[in-house]
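Computed over heavy atoms, backbone and side chain alike; hydrogens, waters and symmetry mates excluded.
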Amino acid sequence: MKENAVLNSYDLNGLFLPNRVVMAPMTRSRAENPEKKATAELQGKYYQQRASAGLIIAEGSPVSSQAIGYVNVPGIYTKAQTQGWKEVTKMVHEEKGRIFLQLWHVGRISHPDFHNGEKPLAPSAINPQSQSFTPQGFKDTVTPKEMSKEDIKQTVADFKNAAINAMDADFDGIEIHSSNGYLFHQFFNNFSNKREDEYGGSIENKARFFFEVLDAVAEVMPQNKIGVRFNPSLHDIFGMKMDEETIPTFEYIIKKLNDYNLAYVHLSEPFNDVSKVPHAITNIAKHFRPIYKGTLMINTNFDLEKANEVIKSDDADLVAFGKPFISNPDLVERFAQNAKLNNWDKDTFYTGGKKGYLDYERMQEKVNQ
């Protein structure tokens, strides 16, 4: 059997990982309670089942009520939510697992239904022409409100407060979700950011808000417990498009991150075929590996073979898996035995409850039947 490089241990800037298989953050819409909090009965068991991952990055957690854009996502801005997550981390740590929390603000990918009729916030008043997952199902997005300087200042404070809460909840670290067409990504992109102040125009200005948040978070927690996520070649998703400044913007940001002592930079390979898109990069890990000197995590449609290849080629240090972890709580063990994987049921990704969430079988359970 070929060596499984993903099963080798790794030093994540002071945090020991027994393997390089990361559970990617995935929205599952299971916080079906008035407090919008994680619970031991659902999220606790779900993440505990997957604690053999080298690292779990828990689902995107809104940093404020204004940050919400999807139904039944567990937040990290109230005491009740912090306590709920604390129960989850306790269960993961009991299984000797490691878990980060992804801090999230969706920006314009939201809907007035989440905000008492008020418009969602964004860098500029441009409708992404997409859909938001509301309590009444998917609804078309609206033209958002352009963030004022005060809105930006408040959002920086919200991320800082969320980081404090995440540490109080005993997470091993956090990931700032600056990817996939959400708020920070909207500031980075010329098609969603038409500002003429210090938060728009130049590459440095478009990245300013992100670095203000990063610096604020770093005031309340060690930098080596902070990860960041980007999707440089995102195109034709959530109204985002690429132009001649897109990749240089991410090159500027990721190069500047060398000045920090972060846990990792988490990058996504293209979500769709961008081979014919002008200015796009088709191999993200290979392109950005020489630019960033710290730990590089990569994701999007990796299987065991591809994961081993990207690590052996030294294009990445860690590989994050999404849907395979949904249907295979023992994904690491299956990789170790080169065992067949369970198929996932996409119809239960966001439906709530235990079905399609806690009931996927482990290898040993099948053997005993």
In Å, rounded to the nearest 0.5 Å, how long is the span from [atom1] of [X] to [atom2] of [Y]?
X    : Y    : atom1 : atom2 : answer
K36  : Q81  : NZ    : CD    : 8.5 Å
S192 : M240 : OG    : CE    : 4.0 Å
I57  : H177 : CD1   : NE2   : 10.5 Å
L214 : I176 : CG    : CD1   : 5.0 Å
S124 : F191 : OG    : CZ    : 13.0 Å
F187 : R208 : CZ    : CZ    : 11.5 Å

With a sphere of 6.0 Å drawn around [atom1] of [X], does it hold more than 12 non-hydrogen atoms of other residues, nucleotides or ligands?
X    : atom1 : answer
K145 : NZ    : yes
K139 : NZ    : yes
E196 : CD    : no
D197 : CG    : yes

Quick check: does any side chain N or O of [X] sit under 3.5 Å from a backbone N or O of [Y], one acting as donor and the other as acceptor?
X    : Y    : result
S9   : N19  : no
N33  : K37  : yes
R20  : A320 : no
T348 : D345 : yes
S268 : T300 : no
Q43  : W85  : no
S61  : L103 : no
R195 : G201 : no
N342 : E361 : yes
N193 : Q186 : no

Test item: side-chain donor near acceptor, [X] and [Y], under 3.5 Å:
X    : Y    : answer
N189 : K206 : no
E35  : T78  : no
T141 : N127 : yes
H93  : D172 : yes
N4   : N308 : yes
T155 : D158 : no
D236 : N272 : no
N190 : E245 : yes
D140 : Q129 : no
Y10  : T295 : yes
D215 : Y260 : yes

Evaluate the side-chain proximity of [Y] to [X]: yes if any heavy-atom separation is below 4.5 Å, no if none is.
X    : Y    : result
M297 : L267 : no
P270 : I284 : yes
P120 : H111 : no
F159 : I174 : no
D11  : F16  : no
R108 : K119 : no
L331 : L341 : yes
K306 : N301 : no

For [X] and [Y], work out which heavy atoms get closest and say how close.
X    : Y    : result
A163 : V217 : CB-CG1, 3.8 Å
E59  : M26  : CB-O, 3.2 Å
E32  : N72  : CG-ND2, 3.5 Å
F210 : L257 : CE2-CD2, 4.1 Å
P144 : A122 : CG-CB, 3.5 Å
Q102 : G60  : OE1-CA, 3.2 Å

* Between F238 and Y182, how do the two ring planes meet: parallel, tilted or perpendicular, split at 30° and 60°? ->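 Rings of F238 and Y182: tilted, 30 to 60°.
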
* To do: On the 0 to 90° scale, with breaks at 30° and 60°, tag the F230-F188 ring pair as parallel, tilted or perpendicular.
  => tilted

* To do: Start with the C-alpha gap between H115 and S65, add the side-chain angles, then the distance that decides, and say whether side-chain contact (heavy atoms from CB on, under 4.5 Å) holds.
  => CA-CA 8 Å; H115 311 297; S65 60; 5.8 Å; no

Pair [X] + [Y], salt bridge at N-O below 4.0 Å:
X    : Y    : answer
K90  : E94  : yes
E219 : K160 : yes
R289 : D315 : no

Below 6.0 angstrom between ring centroids: does that apply to [X] and [Y]?
X    : Y    : answer
Y70  : W104 : yes
Y47  : F325 : no
F321 : F335 : yes

* Report the C-alpha distance between V21 and V319 in whole Å, list the side-chain angles of each, state the deciding distance to 0.1 Å, and finish with yes or no for side-chain contact (heavy atoms from CB on, under 4.5 Å). => CA-CA 6 Å; V21 180; V319 180; over 6 Å; no

* To do: Begin from the C-alpha positions of F209 and F184 and carry the test ring-ring contact (aromatic ring centres under 6.0 Å, His included) through to its verdict.
  => CA-CA 7 Å; F209 172 47; F184 293 109; 4.9 Å; yes

* To do: Kindly state each residue pair satisfying ring-ring contact (aromatic ring centres under 6.0 Å, His included) with at least one member in residues 264-309, sequence neighbours excluded.
  => F100-Y264

* To do: In sequence, state the C-alpha distance, the side-chain angles, and the governing distance for R30 and T351, and then conclude on side-chain contact (heavy atoms from CB on, under 4.5 Å).
  => CA-CA 8 Å; R30 255 67 181 190; T351 49; 3.7 Å; yes

* To do: Would you please test K354 and D359 for salt bridge (Lys or Arg N to Asp or Glu O under 4.0 Å) and show each step?
  => CA-CA 7 Å; K354 297 180 179 180; D359 55 359; over 6 Å; no

* Please report the C-alpha distance between E251 and I203 in whole Å, then the side-chain angles of each, then the deciding distance to 0.1 Å, and finally whether the side-chain contact (heavy atoms from CB on, under 4.5 Å) criterion is met. => CA-CA 10 Å; E251 290 172 341; I203 287 176; over 6 Å; no

